Amino acid sequence: MDRHSILMWVALLLALVGTLLTLSGDVIFNFIMAKELRLTPTSAVYSVWQKTPMPLTVELYFFNWTNPDELMNEGFRPNLIEMGPYRFKEFLEKTNVTWNTNRTITFRRLRRWYFDGENSNGTLDDSVTTLNPVALSAAYVSRFRSSFIQYTLSSTLLMTGQKVWVTRTVREFMFDGYSDPLLTVATKFPHVTQSRFTADKFAWFYKRNDSSEHEGVFNVDTGEEDTSTIGVLRAWNFKNRSDSFEANCGEIKGSVGDLFPPGQKKDKPLQMFSADFCKSIQFDYSEETEVLGIPGYVYAGSKSIMDNGTADPDTWCNCGGECVPQGVLNISACRYGAPGFVSYPHFLDADPIFSQKIKGMSPNPEKHRMYVTLEPTTGIPLDVAGRFQINLLLQPSRSISLYNDVPTVLFPIMWFEESVRITPELAGKLKLLLALPAIGLFFSVGLILLGLVVLAVATVPRALRNMQWRLLRHRKEKVATRRRYQVSFLNENSRPLVAAAGPTHEDADVK
Ligand SMILES: *[C@@H]1O[C@H](CO)[C@@H](O)[C@H](O)[C@H]1NC(C)=O
Ligand SMILES: *[C@@H]1O[C@H](CO)[C@@H](O)[C@H](O)[C@H]1NC(C)=O
Ligand SMILES: *[C@@H]1O[C@H](CO)[C@@H](O)[C@H](O)[C@H]1NC(C)=O
Ligand SMILES: *[C@@H]1O[C@H](CO)[C@@H](O)[C@H](O)[C@H]1NC(C)=O
Ligand SMILES: *[C@@H]1O[C@H](CO)[C@@H](O)[C@H](O)[C@H]1NC(C)=O
Ligand SMILES: *[C@@H]1O[C@H](CO)[C@@H](O)[C@H](O)[C@H]1NC(C)=O
Ligand SMILES: *[C@@H]1O[C@H](CO)[C@@H](O)[C@H](O)[C@H]1NC(C)=O
Ligand SMILES: *[C@@H]1O[C@H](CO)[C@@H](O)[C@H](O)[C@H]1NC(C)=O
């Protein structure tokens with residue numbers, strides 16, 4: 001093969017590959033994306049998933065109860081003052097990771113919290129006055145037990161000097177815990193108290209720091225077969241539903257909050273499982289935004305999470321017993337029977353009946369709503385803020401003397417924000433991934449252009465040479481004919497000239 005035909009083939013090949021790439025760019029992009037987003041031991045997403053590279057930020061706000069001495073007054077309303085934020089850095093990792101043959105992965109979650117005093121408004125030694133959670137829970141749990149048990153509990157509460165409120169430090173309420181004589185009794189006589197809650201101390205996050213024992217075992221789809229199932233929770237604690245809620249409210253749906261399938265749509269709400277609520281909760285598309293230059297969809301916590309069946313009839317099963325007005329979810333089945341209720345902070349979006357019974361609530365959607373911002377093509381979270389408030393139900397009890405005359409109030413204890421935002425470094429990588437289709441298009445169009453150039457290189461010089469050669473020949477022919485003509489002209493006329501000049505001496509010599 002000569003140089004020319006090799007070049008022709010190369011040109012053809014380049015143009016062909018370029019055209020194929022242009023046509024199949026999406027397929028190739030989706031292939032690369034799926035490969036990197038699936039949970040496999042080597043995928044890009046796995047290392048980030050296994051150990052979150054940046055710390056999450058946790059902010060806690062306590063409600064300090066400033067007028068407990070007015071509790072028995074007519075028309076009593078607790079006065080609550082928000083304290084905080086107490087900010088922590090949270091490091092999250094997945095432990096006890098097992099790859100299963102059914103394309104799922106089983107794991108636990110381990111969190112470590114470090115207090116960030118510089119960015120906190122207060123110290124862990126601040127003292128807070130709030131409802132006494134231990135006595136209140138004991139009274140609530142035993143409310144349907146025999147009058148003997150209730151009588152025993154009532155006198156135990158009095159003997160151990162329990163009050164309706166308790167004052168402790170933030171440190172004790174959060175992680176360190178404080179001893180309570182009731183807990184000692186409960187651990188000593190588990191048969192009498194029939195309590196599943198057995199701990200020597202009480203704290204909202206007691207023994208949860210640096211431990212993987214508290215959120216349960218998650219079984220999540222790796223998405224190997226179908227990218228639309230990436231990160232979907234298949235089982236929690238080895239069951240495909242939550243025992244804390246009946247019917248569809250106990251169904252385990254959606255992600256665990258860190259992996260979402262690619263190709264998110266605005267009209268498809270997000271489902272996410274929350275171990276704090278023991279149920280899956282829904283997020284509805286709210287608006288578009290941009291995080292570090294990456295466009296994203298904001299999904300906000302749905303009203304249906306805290307609905308009692310009024311706005312959405314499917315949520316009737318949220319009640320788990322008596323219903324409460326809208327805006328509050330009863331999670332007592334998820335909290336060893338304690339009278340725990342979650343709402344958005346400051347009773348945002350809740351029935352005003354709750355905040356009317358207390359002083360100090362000031363809901364603000366900017367500060368208190370819960371949202372998830374996803375990059376829609378890849379489903380990668382850009383900005384997440386989980387926010388909720390823990391409330392305890394204070395209500396009168398005829399048989400427990402400590403609670404004989406208390407009013408019925410859903411009492412805010414604290415609220416909680418856990419947030420994380422993509423780092424500039426990860427955002428750069430994500431931008432590169434998102435730019436791949438454009439880069440691919442440039443590349444494939446470039447190949448086509450290169451093909452054209454090679455074609456030009458292969459054909460133009462030869463064509464030029466041909467043309468030159470033809471021109472040259474043409475000119476040569478012209479020259480040749482002119483010369484022939486000239487020569488013949490010369491030949492015809494030379495002799496007479498010569499003759500006319502007469503014989504030269506050379507001629508003469510020859511002659
Ligand atoms: C909380 O309220 C109590 C009164 O109930 C008060 O003595 C205490 O100083 C308050 N704590 C803070 C940190 O403001
Ligand atoms: C800090 O906390 C106090 C109450 O403890 C509050 O009055 C103040 O506004 C808070 N400051 C900030 C910046 O949040
Ligand atoms: C999880 O792994 C840790 C060590 O990495 C081990 O101590 C613990 O027992 C494991 N937990 C379970 C439930 O397997
Ligand atoms: C997959 O297998 C694991 C381990 O055998 C099991 O725990 C899990 O429930 C299974 N998941 C599904 C969706 O079948
Ligand atoms: C949590 O545990 C880590 C490691 O054990 C420890 O360094 C840190 O101080 C603990 N955080 C809190 C708030 O107790
Ligand atoms: C949940 O598990 C039960 C048995 O444990 C099974 O009968 C049922 O089909 C499962 N449901 C789903 C949606 O996988
Ligand atoms: C909350 O749920 C528990 C357990 O499901 C139930 O017994 C109780 O009646 C409910 N309480 C209220 C006030 O709805
Ligand atoms: C549900 O909430 C609405 C609005 O807060 C309230 O009027 C209604 O009584 C509640 N339903 C039940 C069954 O309690």
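All ligand and atom numbering here is 1-based and tracks the order in the structure. All values below come from the heavy atoms of this structure, side chains included, with hydrogens, waters and symmetry mates left out. Keep in mind that what you see is a predicted model, and the values were worked out from it rather than measured.
Annotation: atom 11 (N) of ligand 7 to nearest protein heavy atom, Asn330 ND2, 2.9 Å. Of all protein heavy atoms, the one closest to atom 7 (O) of ligand 8 is Asp351 OD2, 4.6 Å. For atom 12 (C) of ligand 2, the closest heavy atom belonging to the protein is Asn121 ND2, 3.2 Å. Looking at atom 6 (C) of ligand 8, its nearest protein heavy atom turns out to be Asn308 ND2, 4.2 Å. Counting protein heavy atoms only, atom 13 (C) of ligand 7 is closest to Phe341 CZ, 3.8 Å. Distance from atom 4 (C) of ligand 2 to its nearest protein heavy atom, with residue and atom name: Glu82 O, 3.9 Å. When only non-hydrogen protein atoms are considered, atom 5 (O) of ligand 7 lies nearest to Gly320 O, 2.8 Å.
Near Cys323, the atoms of ligand 8 lying under 4.0 angstrom from a non-hydrogen atom of the residue are 12 (C), 13 (C), 14 (O). Set against the non-hydrogen atoms of Ser332, the atoms of ligand 7 under 4.0 Å away are 1 (C), 2 (O), 3 (C), 4 (C). The ligand atoms of ligand 8 that sit less than 4.0 angstrom from a heavy atom of Thr310 are 1 (C), 2 (O), 3 (C). Each of the following atoms of ligand 8 lies closer than 4.0 Å to a heavy atom of Pro325: 2 (O), 5 (O). For ligand 7 and Glu322, the ligand atoms under 4.0 Å from any heavy atom of the residue are 9 (O), 12 (C), 14 (O).
A salt bridge links Glu93 to Arg112: one of the charged nitrogens lies within less than 4.0 Å of a carboxylate oxygen. Ion pair Lys94/Asp258 flagged as a salt bridge, since at least one NZ, NE, NH1 or NH2 atom sits closer than 4.0 Å to an Asp/Glu carboxylate oxygen. Between Arg369 and Glu287 there is a salt bridge, since a side-chain N of the basic residue sits under 4.0 Å from a carboxylate O of the acidic one. A salt bridge links Arg208 with Asp276: the distance from a Lys NZ or Arg NE/NH1/NH2 to an Asp or Glu carboxylate oxygen falls below 4.0 Å. Under 4.0 Å is where a charged nitrogen must lie from a carboxylate oxygen, and between Arg103 and Asp221 no such pair does. With respect to the salt-bridge test (charged N to carboxylate O, under 4.0 angstrom), the residues Glu36 and Lys429 do not qualify. For Glu417 and Lys367, the salt-bridge test fails: no basic side-chain N is under 4.0 Å from an acidic carboxylate O.
If you look at Tyr140 next to ligand 7, the close heavy atoms, those under 4.0 Å, all belong to the side chain.
For an aromatic pair to be called close, the ring centres must be under 6.0 Å apart, and Phe416 with Phe388 satisfies this. For Phe62 and Trp204, the ring centers are positioned 6.0 Å apart or more. Between His368 and Phe347, the gap from one ring centroid to the other reaches at least 6.0 Å.
For atom 9 (O) of ligand 2, the protein comes within 4.0 Å by no heavy atom at all. For atom 2 (O) of ligand 8, a protein non-hydrogen atom is found at a distance below 4.0 Å.
Within the 4.0 Å heavy-atom shell around ligand 7 one finds Arg143.
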